[in-house]
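Structure record follows, encoded as structure tokens.
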Amino acid sequence: MEAPQKGSIYDILNGSKQFIVPIYQRFYSWDLEQCRQLWNDIFSMQKNGRKTHFIGAIVSVKEEGGAIGVQKFTIIDGQQRITTLLLMLIALRDYAEQTQDDIINVDEINDTLLKNLHKKDYERYKLLLTESDRDIFISLVEHTPINQSTKSRLLNNYKFFADKINNKVLQPAEIFESIGKLQIVNITLNRSDDDAQAIFESLNSTGKALSESDLIRMGLDPDEQIYIYEHSWRPMEKLFGIASNNMDDFFRDYITLKLARIPNKNRTYEEFKQYSMNSEFESHRDLCADLYKYANYYTDIMFSRSSDPEINNLYNDILALKMSVSYPFLLRVRDDYEGEIISISEFKQILRLCISYVFRRSICDFPANSLNKTFAIMRNAIKPDDYVNSIKAFFLMCGGYREFPDNEKFISAFKTRDIYTMQIHKFVLSRLEIYDRKTFINISDYTIEHIMPQTLTQEWQKMLGDNWREIHKKFLHTIGNLTLTAYNPEMSNKPFMEKMNMPGGFKDVESALHLNDYVKTLDEWNEANIIERANLLAAKAVKIWEFPNMTPEELAKYNGQEERYSMANYNTNAHTMELFNLLDSRIQNISPYVRREFKKLYIAYKLDTNFADIFFQSQRLRIAINMKFADVNDPEGICRDVTDVGRWGNGDIEIFMEKLSDIDNVMYIIMQSYRKQED
């Protein structure tokens, strides 16, 4: 490595040089936020008379050759910084040319900072960006036309600086001078002596932080990078298009799919590196080909991209319900469909099951924070020889906080839930409308309408009766009182029969909706009608969002393996039962989602898995705590480390409860294990 040098961008670019951004690096990614910060630094430095301002480092590898031609440097860190400074210089040059401002030396900017004078082709340019950014940047340097529909951060940031220069908050000459005051540490590595990738991973420069997908791309086998970029990575980036920010989520879901556990968001790169070293693939080429395959599946869901209209509709439902937590599982199912392990009808059935599971839980107001774990482990439940039934059985055996609400619970919640304030209210009504409909209707043209309006006139109060306040409060936003209309402003709080007969009203043939089939048979709207319509819509809802019914014989194959035990199996006495009843009550009161299971030797308390196990001893309870001993906070010193001790139960900690007064200290430890499960 050559000695680091501190200087300005003018010093760094001086001479016959070219800085190249390698194809495996990320695109230019600075947004207006970073440009605004750079501009503010320049403005502050100039107005306060400061001589310098440090903005970070540029780290590059000096390539061999260049004795006669252009000396080339491959940038491994700092491309965002150098690119943004050159965009500012291009904007300054263009301003000077347009205004004939001879204070700014246009030739100096062109011939010493942007281009290598007398060189040809790509060697002509001081900075050569990656494929997707290269042509736009060269067009800015050369003044060649750019399609007006082109979307690019390069163009956005160029315009930002052009506007600042034209506003003359600072004079152009002051800006040019200030750019020269920005200090950069220029670190040059030697190709033969330095491990550029290792240095890159250890850098912590200012600017926009690298994403997990950036790190994954840069960590690929250096000998394979060009091939992988051209055959897998670049095609994958094109799949995501303007949604490239979702690539981090894709990699995390890919690792979840492969490992059946969810990596920490900030450790996706580390998890991917570990997986790649121990995966089933013989080379990075094979691994990236697999990534590209799953990226196709992933973006098919993201963009509702299928040649089958029914699958597209199911993808749209998944998007409407924001079911990204299900993607790791759905990727596995899609791959099994492509591999002809399941049929297209089975694939659709599984999509519908997952949609029903998420939707029913949402209607029943079950917490959503467990869904990612549920879908992460679902792949382990798949039986290839009984594929759909194994998934149904998994759902049916989800108890407690993972429950798949049955028809009774779902119908009850569906009829009484405040649907209107849910984000998915239009989704609910539109699916009810299009179910079993033979003619097409464009739901996007419709908005939500309260049949009984949000503001009641005296006529409405009279129709509802003496209890109109209670009826209005109880039923206003429920499904029985909601419909769709293209005439919401016109309907407003008009009387019921006016809403019925007006153009676009409930009886209007031109705008007839199935949602109004019951409404248009009435001549008044009251509590009984709202309840009856809710019953009718709920009956339709259980058909749309089905429950995974199985015969007892089918379910028995999955549910009949575990022996059943009860309190009678344990050696208890009056004292230990008194201790147990108190502790059992406290644990079960933690949350309605705590599950208690009687095992052969102990009683288990679970969320995802056991967080505490209770064993009966002659005069006390022994409690196994499912945590690492190093992780516990034990101010009273009641925990014993049993990491290397042969003990029944889950975890590396045991505690004892000998008297009733121990309860608070015991629960303090149990709660720590519970919260680890909850997280």
Side-chain angles (χ1 to χ4, degrees), residues 361 364-374 377 397-405 409 559 562-643 645 647-679:
R361 287 175 58 85
C364 292
D365 203 20
F366 288 0
N369 58 356
S370 67
L371 288 175
N372 56 352
K373 292 181 182 178
T374 301
I377 64 173
M397 291 189 295
C398 282
Y401 71 105
R402 283 206 189 120
E403 180 183 357
F404 195 131
K409 287 182 181 177
N559 201 26
E562 187 177 304
E563 259 184 286
R564 298 298 176 187
Y565 299 98
S566 68
M567 289 299 301
N569 292 92
Y570 310 117
N571 186 16
T572 65
N573 56 47
H575 177 63
T576 55
M577 278 305 299
E578 186 179 24
L579 296 175
F580 171 75
N581 288 335
L582 175 60
L583 182 56
D584 175 70
S585 174
R586 288 283 294 269
I587 294 175
Q588 293 204 70
N589 283 335
I590 292 173
S591 163
Y593 304 112
V594 169
R595 287 181 294 144
R596 184 183 68 180
E597 292 182 3
F598 295 103
K599 302 293 186 180
K600 185 176 182 179
L601 299 175
Y602 59 89
I603 300 167
Y605 296 85
K606 299 184 172 187
L607 277 178
D608 276 333
T609 186
N610 301 31
F611 62 86
D613 304 322
I614 297 179
F615 296 79
F616 287 91
Q617 296 186 337
S618 60
Q619 292 300 315
R620 65 182 182 179
L621 304 178
R622 181 174 77 85
I623 304 107
I625 303 296
N626 195 2
M627 288 176 65
K628 297 291 183 185
F629 187 77
D631 294 339
V632 72
N633 177 18
D634 181 21
E636 300 299 324
I638 66 172
C639 295
R640 182 184 175 203
D641 184 358
V642 292
T643 305
V645 179
R647 292 284 198 182
W648 288 103
N650 295 275
D652 296 342
I653 301 168
E654 71 176 9
I655 56 178
F656 297 94
M657 184 170 174
E658 299 181 350
K659 51 189 182 298
L660 295 176
S661 59
D662 293 337
I663 186 65
D664 289 336
N665 292 335
V666 167
M667 283 304 300
Y668 181 75
I669 302 299
I670 290 174
M671 284 300 299
Q672 293 179 55
S673 182
Y674 167 80
R675 290 194 182 102
K676 277 193 170 292
Q677 291 278 319
E678 193 178 37
D679 293 341

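FYI, side chains are in, hydrogens and waters are out, and symmetry mates aren't considered; it's all heavy atoms of this structure. Bear in mind that the values here come from a model prediction, so they are computed numbers and not experimental data.
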Heavy atoms, side chains only, cut-off 4.5 Å: are Ile669 and Cys639 in contact? yes
Which atom pair, heavy atoms only, marks the closest approach of Ile625 to Ser673? CG2-CB, 3.7 Å
Can you check whether Leu583 reaches Leu579 side chain to side chain, under 4.5 Å on heavy atoms? no
Who pairs with Tyr605 by ring pair (Phe, Tyr, Trp, His ring centres under 6.0 Å), at least two apart in sequence or on another chain? none
Counting N and O atoms only, with roles assigned by atom type, does the side chain of Thr374 sit under 3.5 Å from a partner on the main chain of Ser370, one being a donor and the other an acceptor? yes
Results of ring pair (Phe, Tyr, Trp, His ring centres under 6.0 Å) for Tyr570 - residues two or more places apart only: Phe616
Donor-acceptor pair, Arg361 side chain versus Glu403 backbone, under 3.5 Å? yes
Suppose we screen for salt bridge (charged side-chain N to carboxylate O under 4.0 Å, His left out). Which residues come up paired with Asp641, at least two apart in sequence or across chains? none
Report the residues that fulfil side-chain contact (heavy atoms from CB on, under 4.5 Å) with Ser585, sequence neighbours left out, ordered by chain and then residue number. Asn589
I'd like to check the side-chain hydrogen bond (donor to acceptor under 3.5 Å, both in side chains) partners of Asn626; sequence neighbours left out, ordered by chain and number. none
Say whether, by atom type as modelled, one donor and one acceptor occur between the side chain of Asp613 and the main chain of Gly649 under 3.5 angstrom. no
Contacts of Asn581 that satisfy side-chain hydrogen bond (donor to acceptor under 3.5 Å, both in side chains) - sequence neighbours left out: none
Test side-chain contact (heavy atoms from CB on, under 4.5 Å) applied to Asn571 - qualifying residues, sequence neighbours left out: none
For residues Arg586 and Val666, determine if any side-chain heavy atom of one lies less than 4.5 Å from a side-chain heavy atom of the other. no
Side chain to side chain contact (heavy atoms under 4.5 Å, CB included) between Asn650 and Thr609, intermediate numbers included: CA-CA 9 Å; Asn650 295 275; Thr609 186; 5.6 Å; no
Can you name the residues that form a side-chain hydrogen bond (donor to acceptor under 3.5 Å, both in side chains) with Asp662, not counting sequence neighbours? Lys659
Taking only residues two or more places apart in sequence, or in another chain, which ones meet Glu578 in a side-chain contact (heavy atoms from CB on, under 4.5 Å)? Leu660
What pairs with Gln617 under side-chain hydrogen bond (donor to acceptor under 3.5 Å, both in side chains), at least two apart in sequence or on another chain? Arg620
Could you pull out all residues at least two apart from Asn633 that satisfy side-chain contact (heavy atoms from CB on, under 4.5 Å)? Pro635, Tyr668, Gln672
Starting at NZ of Lys373, measure out to CZ of Arg402 and round the result to the nearest 0.5 Å. 8.5 Å
Salt bridge (charged side-chain N to carboxylate O under 4.0 Å, His left out) with Glu654: which residues, sequence neighbours excluded? Arg622, Arg640, Arg647
